[in-house]
Amino acid sequence: MNTPSSASAASLPPLVVSDRLAKKALRHFKERFIEMLLFGAASVSVLTTVGIIWVLVSESYHFFETVPLWSFLTDTMWTPLFADPHYGILPLLAGTLTTSLVALIVAIPLGTTIAIYLSEFARPAVREIVKPFLELLGGIPTIVYGYFALTVVIPMLQLLIPGLSGFNMLGAGIVMGIAIIPYVSSLAEDAMRAVPMNMREGSYAMGGTKLQTALRVVMPAALSGILSAYILGISRAVGETMIVAVAAGMQPNFTLNPLESAQTISAYIVQVALGDLPHGSIGYQSIFAAGLSLMLMTLSLNLVGHVLRRRYREAY
Amino acid sequence: ASVVKVDGSSTVFPVTEAVAEDFQKSMKGAVQVTVGISGTGGGFKKFCRGEIDVADASRPILKKEMEACAQAGIKYVELPVAFDALTVVINPKNAFIKQLTVEQLKKMWEPDAQGKITSWKQVDASFPDAPLKLFGAGSDSGTFDYFTEAVVGKAKSSRGDYTASEDDNVLVQGVSRDVNAIGYFGYAYYAENQGKLKAVSIVNKQGTAVQPAPAAVLDGSYNPLSRPIFIYVSEKSLEKQEVRDFVTYYMKNASKLATEVKYVPLPAKAYETALEHVSKKKLGTVFGGEAEIGVTIESLLAREAKL
Amino acid sequence: MNSADIPVIRKIIQRNKRWDLIFAIAGFLALLLGVLTFLALFVQMAYTGWERLTPEFFTNFPSRRAAQAGILSAWVGSLLVMLVTALSAVPLGVAAGIYLEEYASKNLVTDIIEINVTNLAGVPSIVYGLLALGVFVYGFGFGQSILSAGLTLGLLILPVVIVATREAIRSIPLHIREAAYGLGATRWQVTRDHIVPYSLPGILTGVIIGMSRAIGETAPIITIGALTFIAFLPASPVGPEFPWLSFEWLKSGFTVMPIQMFNWTSRPEEAFQQNAAAAGFILVLMTLAMNATAIWIRYHVRKDIKW
Amino acid sequence: MARVETAPVKAAVEDFSFYYGDFKALKSISLPVHEKRVTALIGPSGCGKSTLLRAFNRMHDLYPGNRYEGAIRLHPDNTNLLSPGVDPIEVRMRIGMVFQKPNPFPKSIYENVAYGLRIRGEGNRSVLDDRVKEALQGAALWSEVEHRLHDPATALSGGQQQRLCIARCLATNPEVLLFDEPTSALDPIATASIEDLIHELRDKVTILIVTHNMQQAARVSDYTAYMYLGELMEFGETSQIFVNPTRKETEDYITGRFG
Amino acid sequence: MARVETAPVKAAVEDFSFYYGDFKALKSISLPVHEKRVTALIGPSGCGKSTLLRAFNRMHDLYPGNRYEGAIRLHPDNTNLLSPGVDPIEVRMRIGMVFQKPNPFPKSIYENVAYGLRIRGEGNRSVLDDRVKEALQGAALWSEVEHRLHDPATALSGGQQQRLCIARCLATNPEVLLFDEPTSALDPIATASIEDLIHELRDKVTILIVTHNMQQAARVSDYTAYMYLGELMEFGETSQIFVNPTRKETEDYITGRFG
Ligand SMILES: Nc1ncnc2c1ncn2[C@@H]1O[C@H](COP(=O)(O)OP(=O)(O)OP(=O)(O)O)[C@@H](O)[C@H]1O
Ligand SMILES: Nc1ncnc2c1ncn2[C@@H]1O[C@H](COP(=O)(O)OP(=O)(O)OP(=O)(O)O)[C@@H](O)[C@H]1O
Ligand SMILES: [Mg+2]
Ligand SMILES: [Mg+2]
Ligand SMILES: O=P([O-])([O-])[O-]
């Protein structure tokens with residue numbers, strides 16, 4: 001046997017780094033250069049965020065020089081462009097929350113049901129056909145949904161609820177909910193399908209039915225994925241613009257009643273953008289203040305999503 | 001290709017669009033015309049920043065805008081295009097309104113009404129206790145400026161809690177679907193949607209209730225809601241051949257095209273005068289930056305002639 | 001358990017299965033609702049806009065006469081904007097995805113980038129509009145041009161492309177990478193020869209889905225102020241002399257499909273609603289075609305790569 | 001090691017063939033499974049051990065395109081488990097299964113064990129408590145988890161998880177227990193504890209176990225079936241199969257000449 | 001079986017320890033690898049066989065948090081493969097590796113074999129053609145694929161894929177070949193063909209092989225190292241280790257008393 005040991009090391013030739021093994025400077029340089037390029041590309045996304053925050057904050061800063069933050073947060077009227085301006089974000093916030101809530105009441109149960117159905121009940125053939133169909137539904141431009149809400153859904157609702165106004169948060173919210181079903185169902189289904197089969201087999205082997213397996217085993221196992229699907233749905237609803245702009249009424253009403261018309265934060269921004277406000281006017285700044293509020297809302301949603309994902313990380 | 005940039009009033013847009021379309025055809029595509037819709041105020045802001053050649057306006061230029069233009073060294077020629085009847089509309093199923101006075105309109109729309117006047121009964125005791133649903137022009141529009149001036153007495157002075165849209169069709173939709181709704185916008189939008197809307201007769205200075213209609217505009221009886229509409233052309237842009245061509249074409253065809261899009265054209269004389277102003281570079285406005293109410297066609301002609 | 005329990009067990013199973021059935025029906029109905037909504041929407045637009053779907057509709061410019069109006073400038077505009085979007089988002093997104101998956105070691109910087117990409121994916125599109133207004137339109141002075149719009153949408157879909165790239169790369173099994181490294185390949189060689197080619201279908205799918213989202217975006221385009229009557233085409237990207245490329249078109253004004261549709265829906269004349277429906281129908285068809293391509297790639301091309 | 005007195009047949013595989021789509025994975029297998037004995041299935045990878053095992057609780061019904069032929073009869077009631085008239089859920093309620101990779105549900109230890117009872121409609125807390133304790137004791141896990149019943153099951157070590165999975169089955173008192181390579185994902189110490197457990201369980205329940213580890217088969221089983229390419233090559237008492245196989249192939253495999 | 005005449009040491013592991021983060025997976029291992037001989041690493045699952053093998057071509061550098069201690073010297077130049085001054089890419093160019101699961105690139109058969117040459121900058125078509133043919137012949141695959149060199153490699157059977165992976169290494173003439181359980185994903189027939197191939201290759205190249213199959217180790221190797229819990233328990237000529245192990249643990253393992 002010829003085991004080299006530290007004792008015999010002295011008799012071996014001295015330690016060398018062969019020429020072949022020396023780092024080749026050129027190759028090393030090229031690799032570093034490419035890495036820098038790729039890193040540059042990756043930083044663009046950070047620059048985008050910086051850009052968004054910078055634009056929103058700097059314009060809002062001027063806004064808050066004129067408007068005290070306190071009245072922005074507590075005033076119940078939002079009329080920044082009128083002779084007697086009020087700058088209370090509450091009406092827009094109420095509109096945003098109400099439409100989002102209606103949308104979620106539609107999208108979360110339906111989206112979850114569809115996800116469970118596709119992932120646990122439907123035959124693979126059905127799933128292969130239906131899933132792309134749902135994805136198509138998610139690809140329809142929201143402006144199209146907006147007119148669908150205005151010309152089809154709201155008139156139908158008016159037949160059911162006499163006296164319902166022609167623009168209302170209910171109709172806009174319902175259609176928005178339908179529009180975000182695909183996001184919720186598709187992501188939730190992905191999460192459930194990622195649950196390994198052996199988990200399901202465990203339940204089936206105990207004599208569980210499909211529904212029991214889905215509700216008691218698959219859903220808990222996929223919890224973090226399902227929660228992020230919901231969070232994505234919520235942030236879509238909060239930021240959705242064209243449906244509410246077209247169908248919810250563009251009226252900054254401080255109300256949580258979905259039968260009324262109202263304006264959301266995003267709808268206010270397009271409304272103003274439809275006109276033209278000069279750089280520097282309080283009106284121009286007001287859309288950035290509104291945008292900042294919107295951004296903060298979605299940002300905190302994302303944060304919640306992040307925490308939830310961490311907390312309920314799948315441990316299959 | 002050379003480009004003519006127009007932006008501004010949504011009221012004037014139909015006329016300018018028609019002109020732009022025909023003009024581009026007559027030039028066989030050698031000139032490109034873009035027509036934006038930013039509202040009269042928005043249009044003037046761009047105009048005074050030198051971003052556009054022509055501003056569409058549904059009211060004369062205001063003091064503040066004149067100053068902004070002066071500061072930027074922008075001079076302009078003012079060209080009246082047609083007359084419009086600002087129309088107050090209600091839902092066809094509304095049975096209790098036959099006519100409205102300016103007083104009543106003011107009660108509904110003044111800033112003090114915000115959050116307080118929410119029922120028809122508060123506007124007039126004889127009206128039922130039904131919710132008052134208001135639809136009106138957005139604050140960046142000339143229509144808004146003119147209506148508030150005419151009704152409330154001060155431009156831009158309005159309550160804020162109503163459905164405000166730069167998009168007049170949204171207003172049409174809103175009023176046509178709600179029995180208790182009332183709204184206002186340019187006559188053209190009413191004329192196109194007579195089936196879905198009812199125009200309210202407005203009691204004029206002389207005390208008679210008048211329906212909006214071309215004839216009533218011509219004879220001056222539909223007041224105070226008749227108003228002239230304009231285009232403003234920048235002096236600097238007039239140095240460009242294509243802008244001169246466009247404006248000339250505009251004035252030559254305004255009468256025909258305004259009628260086509262349901263406005264009341266001016267007498268031929270008015271367009272000739274306007275062209276003269278262009279060629280002689282007669283700059284400035286004849287309104288002195290004041291929002292004037294109840295300008296009739298005759299008085300407009302008289303002023304133009306004096307410039 | 002023994003055989004005597006079997007009748008009890010059977011009862012329980014029966015009850016459990018009843019719930020199974022109830023849920024299956026509920027699931028099917030929920031699915032049906034989604035599918036029916038889509039069909040209702042699609043059929044309604046097709047039905048309303050059917051008469052307008054003639055060849056001329058695609059070759060005509062917008063016009064004040066509904067029957068002659070077409071979507072030429074809109075679809076060309078959409079195409080050019082998408083070109084800029086693709087050229088900006090694809091290289092950046094793919095490179096960023098590669099960096100994050102293949103190069104980045106776990107550290108604070110890459111953590112920040114990661115969280116940042118996830119967050120960006122949740123930022124409402126209207127906020128991108130504000131970014132564009134502040135940075136591209138005013139900051140860089142690109143104005144309301146194809147360039148501004150294309151870059152805005154490019155940033156908007158950047159997270160989609162990054163995420164798709166990362167997912168596609170992640171689906172490449174570790175042992176393929178190890179095989180290549182084991183032969184002495186450098187990181188870049190592994191990336192170039194293996195990672196990129198094998199993840200291409202996945203990346204492509206993501207890009208197309210991102211683009212189909214971008215093509216229907218309305219809000220950010222409105223925010224940069226592009227609601228305009230455009231009856232001409234931007235300058236051709238192919239120039240008459242060397243290098244036969246012209247970038248004039250990047251600075252041109254433009255309109256896109258959803259804006260044209262939005263524009264028509266806000267016209268007073270009923271006839272324009274038909275145009276809007278027809279344009280909406282085409283727009284949906286365009287996104288459907290893109291999505292269908294993406295889905296096709298996902299289900300067919302991707303399946304062909306076996307590990 | 002193996003203890004063989006005559007024991008009644010609990011289940012009988014009768015001329016059983018199985019198809020994955022067009023692929024015939026099992027060919028006319030006949031095999032008795034004796035009551036309260038351990039029967040081991042051995043054979044080289046891919047020979048169909050798992051396939052046969054999974055037929056016992058109709059696991060193959062979960063995937064499309066699978067087809068059974070022949071019968072597996074469960075005694076004393078002589079039910080053909082594979083008959084289309086027999087509800088697979090009922091079969092699975094009678095026959096428990098432990099998988100290769102421990103697969104506890106993402107719930108607490110307690111809820112894992114209670115799961116089988118809950119889906120049988122048992123909601124009474126004190127009944128559940130008792131049965132959970134009993135099952136955990138039966139799986140030799142009670143002392144290790146008794147103070148953390150409400151911790152997530154995934155926090156347990158691999159060997160503990162596997163015993164939890166066994167407890168989960170025991171809680172519902174199955175007539176037959178199926179094990180599919182239950183220790184192949186475990187370290188030697190955990191493996192030993194599972195083998196001990198199987199030793200104890202065979203007094204209470206009929207066990208069928210798949211293993212790729214010859215030594216394990218020799219250690220834990222009373223009967224051994226040697227399979228090769230979808231066929232049953234040899235079946236007999238474990239001592240006989242390992243000491244004195246009748247077929248050359250079995251001997252080659254057992255002595256490690258191939259595989 | 002094993003053929004042991006004195007052979008020079010091609011590589012020497014010297015007091016080598018390895019850490020996955022804080023976990024010390026290998027503990028002070030010293031081991032010679034003889035030139036043009038087959039050295040087998042055996043031991044129960046998780047004992048660190050793969051970890052040791054993968055240290056030879058710095059595979060661990062691909063993942064963060066891994067740490068080497070000690071040295072692996074490659075002779076005759078006596079380079080410490082693990083020294084931070086040594087470029088892992090060059091190490092991998094000298095030492096080839098075949099993995100547990102056949103992992104051909106989803107490219108053509110030809111491109112798979114040519115890949116190693118291409119990244120070394122070889123672009124000459126006729127040189128490539130020759131070397132690809134040579135390598136495929138060396139891996140005993142030429143006759144089976146010579147008429148479909150441009151078919152996708154993934155269309156080959158598992159055993160063919162594994163031989164392709166060997167050909168891929170051979171094409172670049174490595175000094176040492178590492179095999180990590182190269183047959184564990186294969187059927188018995190494919191296994192036999194790979195074992196035959198290893199037999200032939202040992203005249204040309206130094207081989208280090210990890211296997212969990214004792215019989216395989218006995219069949220193919222000249223030297224065997226038995227590892228347990230990250231330590232090298234015993235190293236020696238294969239015949240000696242299998243017939244007359246010096247340590248009790250080795251004997252237990254080899255005779256299947258545990259594992
Ligand atoms: N879902 C399936 N579809 C098609 N063929 C399958 C499927 N599962 C297994 N097979 C095939 O059936 C045969 C028997 O597989 P099985 O899993 O029963 O083998 P096994 O003896 O359990 O092997 P191992 O020891 O590797 O688990 C194999 O040839 C396998 O390739
Ligand atoms: N990436 C890793 N991070 C942390 N620990 C690891 C990692 N890979 C392996 N280990 C641990 O290191 C030890 C040795 O693992 P290794 O894969 O080398 O074992 P092995 O002998 O090859 O086993 P097997 O026969 O199962 O392949 C094991 O305890 C394993 O859990
Ligand atoms: Mg198996
Ligand atoms: Mg290993
Ligand atoms: O768009 P306006 O005509 O109301 O300014």
Side-chain angles (χ1 to χ4, degrees), chain A residues 112 115-131 188-230 308-316, chain D residues 50 53-54 56-65 87-108 111-121 152-156 161-162 164-174 176-180 185:
Chain A
T112 312
I116 295 177
Y117 181 76
L118 284 183
S119 141
E120 307 297 316
F121 281 75
R123 275 177 293 130
V126 175
R127 179 170 51 221
E128 297 287 293
I129 297 169
V130 172
K131 186 119 200 253
E189 200 239 14
D190 287 347
M192 297 205 287
R193 286 236 277 161
V195 173
M197 203 55 207
N198 71 17
M199 199 76 99
R200 282 185 195 90
E201 288 190 346
S203 166
Y204 284 122
M206 307 283 302
T209 59
K210 282 182 180 175
L211 187 61
Q212 286 168 332
T213 305
L215 295 183
R216 292 167 183 245
V217 175
V218 178
M219 279 190 57
L223 196 62
S224 86
I226 293 174
L227 287 179
S228 11
Y230 292 169
L308 285 178
R309 263 198 302 280
R310 281 266 156 93
R311 182 99 162 264
Y312 297 102
R313 167 125 328 138
E314 283 89 352
Y316 301 128
Chain D
S50 302
L53 192 81
R54 291 160 65 88
F56 274 80
N57 67 346
R58 301 271 297 264
M59 267 299 159
H60 297 298
D61 286 39
L62 295 178
Y63 307 93
D87 188 340
I89 295 184
E90 186 183 318
V91 173
R92 295 182 198 132
M93 286 195 170
R94 297 180 65 178
I95 296 183
M97 176 156 183
V98 176
F99 298 80
Q100 178 165 14
K101 223 182 125 232
N103 58 353
F105 303 130
K107 298 170 178 273
S108 70
E111 280 305 325
N112 261 279
V113 183
Y115 183 76
L117 301 166
R118 287 208 193 273
I119 62 178
R120 282 164 177 77
T154 41
L156 295 175
Q161 288 188 5
Q162 196 62 301
L164 181 67
C165 293
I166 296 173
R168 189 169 70 183
C169 289
L170 293 181
T172 60
N173 253 328
V176 179
L177 252 185
L178 310 173
F179 286 86
D180 191 357

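No hydrogens, no waters, no symmetry mates; every other heavy atom, side chains included, goes into these values. Just so we're on the same page: letters track the sequence lines, and every chain starts at 1. Worth saying up front: this structure is predicted, and the values here are computed from it rather than measured.
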Shortest non-hydrogen pair, D:Tyr115 vs A:Gln212, comes out as OH-O, 3.7 Å
If you tally heavy-atom pairs under 4.5 Å against chain A, which of D:Arg58, D:Lys107, D:Met97 wins? D:Lys107
Heavy-atom distance under 4.5 Å to chain A: side chain of D:Phe56, backbone, both or neither? neither
Report which part of A:Arg216 has an atom under 4.5 Å of a heavy atom belonging to chain D: side chain, backbone, both, or neither. both
Bottom line for D:Leu178: the part with an atom under 4.5 Å from chain A's heavy atoms is neither
Test log, rule side chain to side chain contact (heavy atoms under 4.5 Å, CB included), inputs A:Tyr117 and A:Glu189: CA-CA 9 Å; A:Tyr117 181 76; A:Glu189 200 239 14; over 6 Å; no
Per the salt bridge (Lys or Arg N to Asp or Glu O under 4.0 Å) rule, which among A:Arg200, A:Lys210, A:Arg127 passes with A:Glu120? A:Arg200
Nearest 0.5 Å, what's the CE-CE distance between D:Met93 and A:Met206? 9.0 Å
Using the side chain to side chain contact (heavy atoms under 4.5 Å, CB included) rule, pick out the option among A:Lys131, A:Met219, A:Met192 that qualifies with A:Ser119. A:Met192
Please classify the contact between D:Arg168 and chain A as side chain, backbone, both or neither, with a heavy-atom cut-off of under 4.5 Å. both
